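So the structure is just underneath, and the comments pick up after that.
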Amino acid sequence: CWEHWVAHFQAKGYPCLAPDWPGRSQPIEVLRKKPPDPQLGQLTLSRVLDHFADVIQSLGEKPIIIGHSMGGLVVQLLLQRNLAAAGIAIDSAPPMGVFTVKWSFLKSNWPHITPFAPQGHPIEMTFERFQYTFVNTLPLAEQRAAYERYVVPESRRVPRKSLTAKIDF
């Protein structure tokens, strides 16, 4: 979903890359197949962090890293590892110990973080929840296009562990 930002910054002369999350290197049609890949249910926040740390360490210099939502939390955790020159966390997911019962947070995140669903089962965001959470200011046709282009099943373990477990470095 960073494709337009990569093009924007590259046009301004900045080298950019937007590496995939672990398990996200296949075409969207493959990622969205039913049922989702069971390996996805095993993906953890620690594995995501290690993946991006490996990508960053393969570069010639420390980058500026940008992330949104769970990616914003990943940015903060990678900065704690001293892997980047700077970071931008956009509407970051909360870290361990920071939890809100604000209705907008619960409505957007409860299906992913609920303790009442097996954490090893991947989850795919419904179109209605995607509308509420991400694209509520867009016309309906653009909402649907964004949903079809970007929404794929996700691991429940990643957001659950961000709220409940200390991430060791």
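Note that this is a predicted model, so its numbers are computed, not measured.
- The CZ atom of Phe134 lies 8.5 Å from the CG atom of Asp91; values are rounded to the nearest 0.5 Å.
- Distance check, rounded to the nearest 0.5 Å: CZ of Arg24 to CD of Gln26 gives 9.5 Å.
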Working for side chain to side chain donor-acceptor pair (under 3.5 Å), residues Ser155 and Gln42: CA-CA 7 Å; Ser155 168; Gln42 305 311 309; over 6 Å; no
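- With hydrogens and angles ignored, the 3.5 Å screen pairs no side-chain donor or acceptor of Arg81 with any backbone N or O of Ala53.
- The shortest non-hydrogen separation linking Glu154 to Leu40 is N-CD2, 3.7 Å.
- A distance of 7.0 Å separates OG in Ser108 from CE in Met125, rounded to the nearest 0.5 Å.
- Taking the charged nitrogens against the carboxylate oxygens, Glu148 and Arg144 do have a contact shorter than 4.0 Å, which makes a salt bridge.
- Salt bridge status for Arg32 with Asp37: absent, with no side-chain N to carboxylate O gap under 4.0 Å.
- Between Leu45 and Val74, the shortest heavy-atom distance links the atoms CD1-CG2, 4.0 Å.
- A donor-acceptor contact closer than 3.5 angstrom is absent between the side chains of His112 and Arg157.
- One distance of note links CH2 of Trp2 with CZ of Phe9; it measures 9.0 Å at 0.5 Å rounding.
- A salt bridge links Glu3 to Arg149: one of the charged nitrogens lies within less than 4.0 Å of a carboxylate oxygen.
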